[in-house]
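Note that these values count all heavy atoms, side chains included, but never hydrogens, waters or copies made by symmetry. Keep in mind the model is a prediction, meaning the values are calculated, not measured.
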Amino acid sequence: MKKKQTNQPTRRDFIRNSSLAAAGFFIVPRHVLGRGFIAPSDKLRIAGIGVGGKGQSDLAEFAKSPNADIVALCDVDDRSAKKSRERFSKANYYRDFREMLEKEKNNIDAVSVSTPDNTHAVAALAAMQLGKHVYCQKPMTHDIYEARVLTEAAKKYKVITQMGNQGGSGDGVRKMKEMVDAGMIGDVHTVHCWTNRPVWPQGVPTPTGTFEVPKELDWDLWLGPAKKIDYNPAYLPFNWRGWWNFGTGSLGDMACHIMDPVYRILPIDYPTSVECSVATIWKEMWNDTTNPDSCPPSTIVHLVYPKKKGKGEIRVSWHDGGLLPERPEELLPDEPMGNWDGGTIFIGTKGKIMCDCYGANPRLLPTRLMKEKTMPKETIKRVPEGHYVQWVNACIAGYGKGETSSPFEFAGPFTESILISNLAIRSYLMKNPNGKGWDDKYLGRKKLLWDAKNMKITNFDEANQFVKREYRDGWKLSL
């Protein structure tokens with residue numbers, strides 16, 4: 001009987017045509033295995049550093065892509081890592097990211113960093129130096145100097161990078177940019193940004209007491225390059241944000257989300273000056289409880305930027321801790337200003353535009369103009385796959401081919417400006433140890449002039465200690 005004809009190649013055909021026939025390998029083409037099959041070699045193998053809390057949700061977002069494979073996990077606290085270890089049970093688990101990178105360097109393609117702020121830079125740089133793509137939670141770094149180093153490292157090591165400010169991939173900020181670029185509010189000269197943070201303790205005394213370190217926690221690794229202090233449960237698992245040794249306060253938590261439209265739309269680069277005001281908590285008459293270890297309860301920061309395109313300046317103000325900018329006259333009394341998390345208002349020569357946190361829901365003011373005006377056509381590519389999968393796809397495409405919304409080239413200068421605001425806040429809180437009277441008590445209450453090229457405040461040298469912190473022994477950051 002004549003054999004039935006088929007379009008499928010035989011095993012003999014494969015072996016004859018394969019360059020590996022002599023070795024006895026049988027390579028099955030993807031079309032034979034079925035449409036939609038993704039070979040293991042085509043997947044992005046991801047290692048997570050900091051896999052509890054935000055790290056847990058970050059890994060879950062990456063895992064939504066069929067092209068992602070979570071192969072290694074690292075966390076200094078076994079309690080925080082529990083859910084991620086259960087979900088990605090085949091992934092190898094470590095406590096020290098340096099050990100993980102050394103042992104897994106041939107098994108991973110990319111690394112996600114979701115630790116407290118104090119170890120962002122050292123973990124991200126270590127991964128990049130091995131040629132691994134990096135996703136790093138916001139703020140990109142704890143210090144201004146660290147942000148500059150990581151920006152340079154991404155170019156030097158030719159890796160795909162993304163900061164974790166998800167709104168940067170949202171439709172809202174793109175729509176808002178199209179509206180501004182279309183001239184709907186004229187030339188922007190002033191921006192106000194605000195947040196409801198902090199929602200954790202700030203402006204409080206430094207924790208005291210003696211506590212035993214939980215057996216599940218490696219406290220020394222948790223500190224990373226930060227100053228050595230005794231363990232206290234007041235810092236973990238979330239309230240570290242309010243302490244300068246580990247966190248970057250309200251600005252570090254939310255400015256990367258709320259100020260993203262400012263940097264993405266205008267655009268701006270580095271400020272030339274920064275000044276601030278800071279809330280004070282009083283213990284008794286003429287004696288406040290200012291604590292240089294703790295971020296203050298509320299602040300207002302004013303930054304001045306030269307326009308990158310054209311002449312003139314743009315003034316950007318930040319408000320946190322329950323402080324808000326004045327409501328625009330165009331906003332009706334009962335209309336929400338931003339949303340619960342905060343918002344941003346652009347003021348131009350012809351009008352105003354406001355958005356919620358993450359650049360969401362942009363609307364002209366008064367809001368009735370959204371119905372009366374014709375909105376511009378879409379000119380900016382959207383990111384339907386979202387911020388996380390965009391990074392996965394870009395990593396697979398490769399350096400120079402893949403595209404992300406917040407590569408370190410963008411996120412680095414952006415992060416520096418956020419941290420310059422913190423530099424001003426910390427300078428404001430400084431006290432003169434040799435002061436003899438009230439007038440000598442506060443040092444940093446002035447407009448600070450910033451030399452971006454040299455990363456230096458030119459009119460108050462004491463502030464420059466906050467550009468680059470001293471790492472404790474055993475830690476370094478070097479290209």
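Between the side chains of Glu104 and Tyr94, at least one donor N or O sits under 3.5 Å from an acceptor N or O. A donor atom on one side chain and an acceptor atom on the other are found under 3.5 Å apart for Asn165 and Ser406. With no hydrogens or angles considered, a side-chain donor-acceptor pair links Thr299 and Asp320 at under 3.5 Å. No hydrogens or angles considered: a donor-acceptor pair under 3.5 Å links the side chains of Ser405 and Arg174. If you check the side chains of Thr248 and Asp253, you find no donor sitting under 3.5 Å from an acceptor. In the model, Ser114 has a side-chain atom that pairs as donor or acceptor with a side-chain atom of Asp58 under 3.5 Å.
Counting only heavy atoms from C-beta outward, the side chains of Thr367 and Glu335 approach each other to under 4.5 Å. Under the 4.5 Å side-chain criterion, counting only non-hydrogen atoms from C-beta, Leu44 is not in contact with Asp69. When side chains are defined from C-beta on, Ile46 does not count as touching Val71, because their heavy atoms never get closer than 4.5 Å. Between Lys43 and Ile396 the shortest side-chain heavy-atom distance does not fall below 4.5 Å. Side chains of Ile457 and Trp450 form a contact here, defined as non-hydrogen atoms less than 4.5 Å apart.
A centroid separation of 6.0 Å or more is found between the aromatic rings of Phe466 and Trp244. You'll find the ring centres of His142 and His120 outside the 6.0 Å limit. In this structure, the ring of Phe238 has its center less than 6.0 angstrom from the ring center of Trp200. A centroid separation of less than 6.0 Å is found between the aromatic rings of Trp222 and Phe246.
Looking only at distances, a side-chain donor or acceptor of Ser84 sits under 3.5 Å from a matching main-chain atom of Val51. Remark: the backbone N or O of Thr115 is not paired with any side-chain donor or acceptor of Thr119 at under 3.5 angstrom. Under a 3.5 Å cut-off, the side chain of Thr141 and the backbone N or O of Ala147 do form a donor-acceptor pair. For the pair Lys132 (side chain) and Ile108 (backbone), a donor-acceptor distance under 3.5 Å is present.
For CD of Glu462, the number of neighbouring non-hydrogen atoms (other residues, nucleotides, ligands) closer than 6.0 Å is greater than 12. At most 12 non-hydrogen atoms from other residues, nucleotides or ligands lie less than 6.0 angstrom from CD of Glu326. Heavy-atom neighbours of Asp187 CG from other residues, nucleotides or ligands within 6.0 Å: at or below the threshold of 12. Applying the 6.0 Å contact sphere to CZ of Arg315 captures no more than 12 heavy atoms from other residues, nucleotides or ligands. Remark: Lys82 NZ is loosely packed, at most 12 non-hydrogen atoms of other residues, nucleotides or ligands lying under 6.0 Å away. With a 6.0 Å radius and a threshold of 12 heavy atoms from other residues, nucleotides or ligands, Glu385 has its CD atom above the threshold.
Using a 4.0 Å cut-off between charged side-chain N and carboxylate O, Glu372 and Arg368 make a salt bridge. The existence of a salt bridge linking Glu178 and Lys175 is excluded, since no basic side-chain nitrogen approaches an acidic carboxylate oxygen closer than 4.0 Å. Using a 4.0 Å cut-off between charged nitrogen and carboxylate oxygen, Glu378 and Lys177 do not count as a salt-bridge pair. Taking 4.0 Å as the cut-off between side-chain N and carboxylate O, Asp143 and Lys468 do not count as a salt-bridged pair. The residues Glu146 and Arg469 are annotated as salt-bridged, a charged nitrogen and a carboxylate oxygen being separated by less than 4.0 angstrom.
In terms of the side chain to side chain donor-acceptor pair (under 3.5 Å) criterion, Arg87 has no residue partners (sequence neighbours excluded).
Heavy-atom minimum distance, Gln390 versus Thr404: OE1-CA, 3.4 Å. Considering every non-hydrogen atom in both Pro207 and Tyr235, the closest pair reads CD-OH, 3.4 Å.
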Kindly indicate, with the supporting measurements, whether the criterion ring-ring contact (aromatic ring centres under 6.0 Å, His included) is fulfilled by Tyr157 and Tyr399.
CA-CA 10 Å; Tyr157 299 113; Tyr399 186 79; over 10 Å; no
